[in-house]
Amino acid sequence: MPKGVDFTKQKTAIIIGAGPAGLTAAYELLKTTDIIPIIFEESDHIGGISRTAEHNGNRMDIGGHRFFSKIDEINNIWQTLMPIQGEPSYDDIKTGTQKNLSLYGPDPEKEDKVLLLRNRVSRIYYLRKFFDYPISLKPETFINMGLARTLMAGFGYIYSCVAKKEETSLENFYINRFGKPLYEMFFEDYTEKLWGINPKNISADWGAQRVKGLSLTKAVLNVITKPFKKGQNVETSLIEQFYYPKKGPGQLWETMAGHIEASGGKIVKNSCVKKVTVKDGKISHICVETNDGTAQFKADYYISTMPIKDLVAGMGETPPENVKEISENLPYRDFITVGLLVNKLQLENKTNHKTLSDIVPDCWIYIQEKDVKLGRLQIFNNWSPYMVKDPDNTVWIGLEYFCNEGDELWNMSDDDFISFAVDELEKTGIINKEDVLDSTRIKVKKAYPAYFGSYERFDEVREFLDTIPNLYCIGRNGMHRYNNMDHSMLSAIEAVRCIKNNISDKSSIWSVNTEKEYHEEK
């Protein structure tokens, strides 16, 4: 039972989930209203999929989270919680890397809670070679592709410019922007690894959300016009710098959680919402399973970031049959990451980016090789050297796999899965098995709401949920929308505005992340 809150005398909001959206909702309620937020978090962690995990002194970013936004409100929150670095960071000092010294702030060597300015480098690993992401027109690209693939790509792109396909699928979405040969080389296999089905069976909505304005034309124009548009907005997939908390994304969310509790809000971990009772059209109370047993809680407002599938199921017989059927079959993709500590990588840094121990500079690498199930590789040294216990002598990496709960990958034991992942990475030529010093495995359920199957009827679920006046669905799983952190936060801010101003129309919440110029593939 949350202590210190008189449910009979104070207006309260129960928030389900302590990820970026849930925490931001509590933060905004305390900042702009007299409503007391109580967060129930199912796990023992703060930050949801944006948390920072730790293993033997090495930190892991679950999924990779760049702190970049075109939304001023979001940037202001981040920089209020953590000031931007103003002196050279550890890796700047070690490598002599130049940075924007006009940004004044604390020295990260002395201060713990700071945002580091990072260089964004992400590439595709295909044919055991590196390709820029997004695809560039550098000579190296054509050399690595070979003459035949280059000619096919060129003619394929030209054809896609004059013969547009109806965007009835994610496959057609990509072909319209890159041509069929480039789509098959650089998008099809990775996307199928991510979602478990071919892009021809996935809604184009996902592409419209994750790579909204990006195309080969945009990538080329960005290179040509880059010297003339300093300070101007660019597609998110083309950004070259971003901010990152010194000790990973979870550090910022833990800082926000501290502010919430210091301001009178409550956060109760290990508390799973099992039942949501709707009476007379409104939520009357919820049933929460905690370490102390099961208890009922009432509030004036309910803000949910829990998966729509679980939320509707928790309402029992209240939702109509069509809503129950659609939500029960909403698809998700689950996630497994393996942390490996190695002596070195077998990859040579042939770029102009200097790094500690001269490792490759990538934050993450998209693995496009067809002969492995590995989807993406993170190099935590390059996110922040403070993520690694000994960044001078070791490389701390994350191997990312996409799966379905209960499938072969999910059900493998930790030891067997780690052995499998190490073998795959050695097969690609990225490491030697004998260089592995330490390892761990983390599994995440419902990491990615998916855009196929019953999703095509999701509007029917939304319409029902919007009829419940004291319920506000926000965040990635709360809206079944593949948001980045900033849009999850913005959905929370919009929900609080609706509550504060007694606005019954929730369309402003659902309209977050629907503009056509923003986002990047993850």
Side-chain angles (χ1 to χ4, degrees), residues 52-64 90-91 94-95 97 118-119 121-131 133 144 190 193 244 247-248 335-403 409 412-443:
T52 301
E54 187 170 349
H55 177 74
N56 293 338
N58 294 297
R59 295 177 171 84
M60 298 177 65
D61 182 344
I62 310 298
Y90 177 89
D91 51 342
K94 296 288 286 187
T95 66
T97 303
R118 313 306 296 147
N119 290 322
V121 181
S122 297
R123 292 181 292 173
I124 296 168
Y125 194 65
Y126 174 61
L127 305 173
R128 301 323 196 240
K129 299 173 184 177
F130 280 109
F131 294 83
Y133 179 81
N144 288 346
Y190 177 82
K193 284 181 184 179
Y244 195 73
K247 294 181 179 178
F335 177 80
I336 300 173
T337 185
V338 171
L340 287 185
L341 187 68
V342 298
N343 285 314
K344 61 182 181 295
L345 302 177
Q346 297 299 309
L347 301 174
E348 184 180 352
N349 183 12
K350 297 181 180 180
T351 73
N352 294 324
H353 298 275
K354 293 182 179 181
T355 60
L356 289 175
S357 305
D358 202 33
I359 60 175
V360 290
D362 306 78
C363 300
W364 62 52
I365 300 169
Y366 296 98
I367 307 297
Q368 290 288 104
E369 305 293 16
K370 296 183 179 181
D371 58 346
V372 296
K373 294 183 178 180
L374 175 62
R376 197 172 62 179
L377 178 71
Q378 285 198 75
I379 303 176
F380 298 115
N381 302 56
N382 296 333
W383 287 94
S384 166
Y386 303 96
M387 299 278 282
V388 188
K389 186 175 181 180
D390 183 8
D392 291 307
N393 301 301
T394 61
V395 185
W396 178 232
I397 56 179
L399 288 67
E400 299 182 355
Y401 289 84
F402 314 106
C403 62
L409 293 181
M412 289 175 70
S413 69
D414 286 348
D415 288 344
D416 287 346
F417 191 90
I418 289 170
S419 177
F420 163 76
V422 169
D423 287 342
E424 283 213 327
L425 199 58
E426 184 177 53
K427 182 179 182 180
T428 64
I430 293 176
I431 64 165
N432 284 331
K433 188 182 298 186
E434 58 266 25
D435 286 324
V436 176
L437 303 172
D438 196 8
S439 61
T440 189
R441 179 198 191 194
I442 295 175
K443 299 195 291 186

Of the non-hydrogen atoms in R59 and Y386, which two are nearest, and what is the gap between them?
NH1-O, 3.4 Å
Report yes if the side chains of L377 and Y125 come closer than 4.5 Å at any heavy-atom pair, otherwise no.
no
Flag the pair V360 / T351 as yes when at least one side-chain heavy-atom distance between them is below 4.5 Å, and no otherwise.
no
What residues form a salt bridge (Lys or Arg N to Asp or Glu O under 4.0 Å) with K389, not counting sequence neighbours?
none
Roughly how far apart are I359 CD1 and L345 CG, rounded to 0.5 Å?
6.0 Å
Short question: side chain of N381, backbone of W396 - any donor-acceptor pair under 3.5 Å?
yes
Tell me which pairs pass ring-ring contact (aromatic ring centres under 6.0 Å, His included) where either residue lies in residues 415-438, with sequence neighbours left out.
Y401-F417, Y401-F420, F417-F420
Nearest-0.5 Å distance, CG of residue L409 to CG of residue D416
12.0 Å
Is there a side-chain contact between V121 and N382 in this structure, where contact means two heavy atoms from C-beta onward sitting under 4.5 Å apart?
no
Backbone of L127 reached by a side-chain donor or acceptor of E369 within 3.5 Å:
yes
Does atom CG of D415 have more than 12 heavy-atom neighbours, drawn from other residues, nucleotides or ligands, at distances under 6.0 Å?
no
Under 30°, 30 to 60°, or over 60°: which ring-plane class applies to Y133 and Y366, parallel, tilted or perpendicular?
tilted
Backbone N/O of F130 and side chain of N144: donor-acceptor pair under 3.5 Å:
yes
Roughly how far, to the nearest 0.5 Å, is the CD1 atom of I431 from the CD atom of Q346?
8.5 Å
I336 versus K443, closest heavy-atom pair with distance:
CG1-CG, 4.1 Å
What distance separates D423 CG from L374 CG, expressed to the nearest 0.5 Å?
12.5 Å
Any side-chain to backbone donor/acceptor pair from R123 onto K129? Under 3.5 Å, distance only.
no
If we only count heavy atoms from C-beta on, is the I430 to I367 side-chain gap below 4.5 Å?
yes
Start with the C-alpha gap between H353 and N119, add the side-chain angles, then the distance that decides, and say whether side-chain hydrogen bond (donor to acceptor under 3.5 Å, both in side chains) holds.
CA-CA 9 Å; H353 298 275; N119 290 322; 4.7 Å; no
If I take atom NZ from residue K350 and atom CG from residue L347, how far apart are they, to the nearest 0.5 angstrom?
10.0 Å
Main chain of F402, side chain of K193: is a donor-acceptor contact present, judged purely on distance under 3.5 Å?
no
Not counting sequence neighbours, which residues clear salt bridge (Lys or Arg N to Asp or Glu O under 4.0 Å) with K247? List them please.
D112
Where is the tightest heavy-atom contact between A421 and L399, given as atom of each residue plus distance?
O-CD2, 3.6 Å
Any donor-acceptor pair under 3.5 Å from E424 side chain to V372 backbone
no
With a 4.5 Å heavy-atom cut-off, do L340 and V422 have their side chains touching?
yes
Kindly determine whether M60 and T440 satisfy side chain to side chain contact (heavy atoms under 4.5 Å, CB included), including the steps that lead there.
CA-CA 10 Å; M60 298 177 65; T440 189; 3.7 Å; yes
With no hydrogens and no angle check, is any side-chain donor or acceptor of K344 less than 3.5 Å from a backbone partner on N432?
no
Would you name the heavy atoms of G63 and W364 that are closest together and state the gap between them?
O-CZ3, 3.8 Å
For T52 against G248, the heavy-atom pair lying closest together:
OG1-C, 3.3 Å
Are any side-chain N or O atoms of W383 and backbone N or O atoms of C363, one a donor and one an acceptor, separated by less than 3.5 Å?
yes
Looking only at heavy atoms, the pair that brings P391 and V388 closest together is CD-O, 3.3 Å
Begin with the C-alpha distance, continue with both residues' side-chain angles, and end with the deciding distance and a verdict on side chain to side chain contact (heavy atoms under 4.5 Å, CB included) for H55 and L341.
CA-CA 10 Å; H55 177 74; L341 187 68; over 6 Å; no
Are the side chain of Y190 and the backbone N or O of I124 linked by a donor-acceptor pair below 3.5 Å?
no
If I take atom CE from residue M387 and atom CD1 from residue I379, how far apart are they, to the nearest 0.5 angstrom?
13.0 Å
Working for side chain to side chain contact (heavy atoms under 4.5 Å, CB included), residues L425 and V338:
CA-CA 11 Å; L425 199 58; V338 171; over 6 Å; no
T394 and D390: side chain to side chain contact (heavy atoms under 4.5 Å, CB included), yes or no, with the steps?
CA-CA 6 Å; T394 61; D390 183 8; 4.0 Å; yes
Assess whether a salt bridge exists between D371 and R128, defined as any Lys/Arg side-chain N lying under 4.0 Å from an Asp/Glu carboxylate O.
yes
